[in-house]
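Below you'll find the structure, written out as structure tokens, and then a few comments.
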Amino acid sequence: MESIAKENKQATLQITGMTCAACANRIEKGLNKLEGVTSANVNFALEKASVSYDPSKVGLDQLEQTIQKLGYGTAKEVAEFQLEGMTCAACANRIEKGLNKLPGVTNATVNFALETARVEYTPGEVSVADMQNKVKQLGYKAIVKQEEADAGDHRQKEIQRQKRKLIISAILSLPLLWSMVGHFSFTTWIYVPELFMNPWFQLLLATPVQFIIGRHFYIGAYKALRNGSANMDVLIALGTSAAYFYSLYLTLNWYAVGGDPHHGPAMYYETSAILITLVIMGKLFEALAKGRTSNAIKSLMGLQAKTALVLRDGQEITIPVEEVLVGDIVLVRPGDKIPVDGVVLEGSSSVDESMLTGESLPVEKKVGDPVIGATLNKNGMLRIRATKVGKETALAQIVKVVEEAQGSKAPIQRVADRISGIFVPIVVGIAVVTSLIWYFFVAPGDVARALESAIAVLVIACPCALGLATPTSIMAGSGRAAEFGILFKGGEHLEQTHKIDTIILDKTGTVTKGKPELTDVLAQGDETEFLRLVGAAEKNSEHPLAEAIVNGIREKKIELPDTQSFEAIPGYGIRAAVEGKDILIGTRRLMEKFQVEAALAYEPMSRLEEAGKTAMLVAIDGQYAGMVAVADTIKETSKAAVSRLKEMGIRVIMITGDNERTAKAIAAQVGIEHVRAEVLPEGKAEEVKKLQAEGKKVAMVGDGINDAPALATADIGMAIGTGTDVAMEAADVTLMRGDLSSIPDAIFMSRMTMRNIKENLFWALGYNTIGIPIAAVGLLAPWIAGAAMALSSVSVVLNALRLQRVKIRH
């Protein structure tokens with residue numbers, strides 16, 4: 001199964017032409033029917049399709065053709081390059097052929113005279129760096145002439161197009177609206193020019209709105225019906241056409257019978273024109289609001305450095321960050337952003353990593369230390385070797401996780417999708433029944449009243465709000481969570497997290513810092529002299545506890561002398577000779593082995609051990625001289641985080657491979673009552689299964705390789721971001737900030753997002769449930785129904801945007 005997954009490719013396609021959730025459902029079904037497609041998700045709010053497919057069975061071009069056959073399009077991105085090294089037209093042909101062979105490249109053209117290349121491509125399949133590398137392999141150089149087209153560029157163009165259509169439509173519809181007002185008995189005081197009442201003049205205004213401004217409704221409806229389904233376009237096309245063609249019939253009839261040339265019959269041109277205007281206005285507001293839901297991605301992308309100072313052929317040159325290659329030597333001046341992930345070769349500095357880790361204090365960096373792209377170099381010159389560039393950098397990976405989460409579907413969305421999939425045919429049926437009831441029973445023979453009620457039903461029932469309810473909340477919620485350093489890997493994990501009732505915490509590196517520190521010194525004589533000898537003896541040991549002791553002593557600015565001899569005694573401790581003195585450091589058994597009388601130390605030693613510390617006895621020249629204690633100290637935020645989890649009604653359990661006494665001491669410090677100690681790595685997953693068998697929804701939080709099985713087994717696996725890549729890969733949620741306070745934050749964001757989704761679904765479904773009967777009984781004019789329909793979509797998006805202002809309590 002694993003080998004099959006590895007062969008699959010992932011493609012993200014930007015889709016154009018969708019008008020409602022029914023469109024997204026149809027594309028999703030169409031793609032999922034293709035042989036070789038493992039899974040396809042279409043996000044209506046993002047207008048993106050995420051497809052996992054087997055390239056040996058189906059190609060990207062077939063995916064795009066399927067989308068086009070269903071009546072939609074795919075947006076391409078364009079990259080432009082300045083080429084260097086070409087000598088003749090054959091060079092241009094070679095580069096063109098090479099670029100066109102890249103997967104994801106739709107069309108590449110090379111102009112030899114201008115020495116430029118223009119490439120249309122599908123993002124997610126191929127990157128600008130891939131194109132540059134291909135040109136380099138062919139023996140030439142490609143410099144990015146124009147940065148990659150903004151991912152939202154097609155959306156901006158669409159917004160501008162909608163604005164133009166709205167302005168033209170509004171200008172043509174305004175006189176029609178004015179004439180409609182003139183028909184009301186209570187508005188006789190409003191002056192209406194005679195021309196506005198003329199049926200031919202109204203026809204002249206309404207026709208371009210109906211067939212030029214509104215032609216995409218007809219195109220969309222035709223494509224939907226051709227493919228055996230129905231969407232919002234069908235409802236709008238039916239409703240507006242009924243009003244327009246009935247008015248056209250009245251106009252021709254009025255002309256045939258020689259009606260008053262200054263004043264025609266009551267017609268419904270304004271109904272169709274104003275409806276189209278309102279729908280376009282609603283879609284414009286919706287697009288503007290939807291654009292704001294991707295602010296998280298934009299702000300993350302904005303963190304990246306735009307250029308890098310690199311050493312090439314002994315020269316310092318500034319190049320776009322996209323052109324940095326693995327192995328390049330990059331110079332980072334004080335105050336500059338580090339452009340890519342790398343390792344420090346020369347220099348030392350403090351680096352502000354708060355934008356990625358949330359750690360407010362700058363981190364000291366020296367030769368050999370790793371650095372992360374997009375972090376800020378504070379005060380020293382650094383020379384680094386690039387180890388990860390482009391989409392491999394930590395920031396690019398974070399952006400990818402957020403994009404995938406925003407593009408994925410939460411299980412709750414499937415319900416809305418199923419409803420919207422059958423919604424349109426049902427509404428058309430209700431509209432037909434409504435018109436028949438009105439025509440035959442309520443107002444016998446009154447075509448106008450029957451038509452008005454049917455149009456109102458058709459228009460008010462558009463399922464746009466229902467389709468937007470979930471994806472907009474997922475986008476806004478996961479984006480806001482990312483700003484707090486919480487990365488949900490998918491909408492399903494964002495949904496599942498709110499159900500958690502039990503949290504299992506690994507001890508080392510999760511509750512504690514994962515790095516032992518010297519905590520206690522109990523010397524019989526002069527403490528400085530005592531520590532000087534202890535540090536000298538321990539500096540030869542490779543044991544982590546010895547390292548903690550030496551670091552703690554050096555922090556006190558105590559110089560350590562040389563050691564004449566050193567011996568590690570496994571299970572007991574160490575023996576060393578320092579300045580002619582015989583030093584013993586270790587357990588009670590070590591003291592007994594060398595006949596050192598240390599009984600007076602056993603009681604304080606037990607007290608330290610009960611507090612979760614590892615105490616070591618010290619003897620100098622056969623005499624007890626004191627003891628030192630080392631502990632893996634708890635993180636500053638652990639106690640408050642555990643307290644918040646309890647307030648949220650969540651049971652907290654700590655699990656560790658340590659002995660029970662140490663485990664209980666650490667647990668007591670942070671307020672955890674339930675402890676499972678001396679658990680082997682494979683036993684952690686078993687503990688998770690036991691709790692799940694009791695009906696608990698379990699989240700496992702860990703940071704090490706040994707936590708990966710338990711992270712994968714739990715309902716939700718949370719990896720502390722400062723931990724290993726293996727743990728982060730196995731987890732459903734990554735907590736970038738490395739402290740426990742992110743756990744209640746993640747649960748809080750999940751709860752807020754789910755509440756927001758439920759609000760949206762309630763309003764979307766409630767709006768249709770209430771609106772359809774009101775329209776059916778004739779209490780809603782069609783143009784009011786159109787305004788309400790537009791308002792419902794906008795209100796759902798605006799409600800989702802409230803998540804972007806959520807504040808997390810610390």
Which value, rounded to the nearest 0.5 Å, describes the distance between [X] atom [atom1] and [Y] atom [atom2]?
X      : Y      : atom1 : atom2 : value
Leu531 : Ile558 : CG    : CD1   : 4.5 Å
Glu527 : Leu522 : CD    : CG    : 8.5 Å
Arg554 : Leu518 : CZ    : CG    : 13.0 Å

Salt bridge check, [Y] against [X]: does any charged N sit closer than 4.0 Å to a carboxylate O?
X      : Y      : answer
Glu592 : Arg588 : no
Arg644 : Glu647 : no
Lys646 : Glu673 : yes
Lys613 : Asp520 : yes
Lys684 : Asp506 : yes
Arg607 : Glu610 : no
Lys664 : Glu660 : yes
Arg575 : Glu567 : no
Asp54  : Lys9   : no

Look only at the side chain of [X] and the backbone of [Y], and say whether a donor-acceptor pair between them is shorter than 3.5 Å.
X      : Y      : result
Thr753 : Met749 : yes
Ser52  : Ser39  : no
Ser541 : Glu538 : no
Thr563 : Ala536 : yes

Test log, rule side chain to side chain contact (heavy atoms under 4.5 Å, CB included), inputs Thr387 and Val326
CA-CA 5 Å; Thr387 54; Val326 172; 5.7 Å; no
Run the side-chain hydrogen bond (donor to acceptor under 3.5 Å, both in side chains) check on Ser349 and Asn377 step by step: do they pass?
CA-CA 7 Å; Ser349 181; Asn377 182 27; 2.5 Å; yes
State whether a side-chain donor-acceptor pair under 3.5 Å links Asn756 with Ser473.
yes
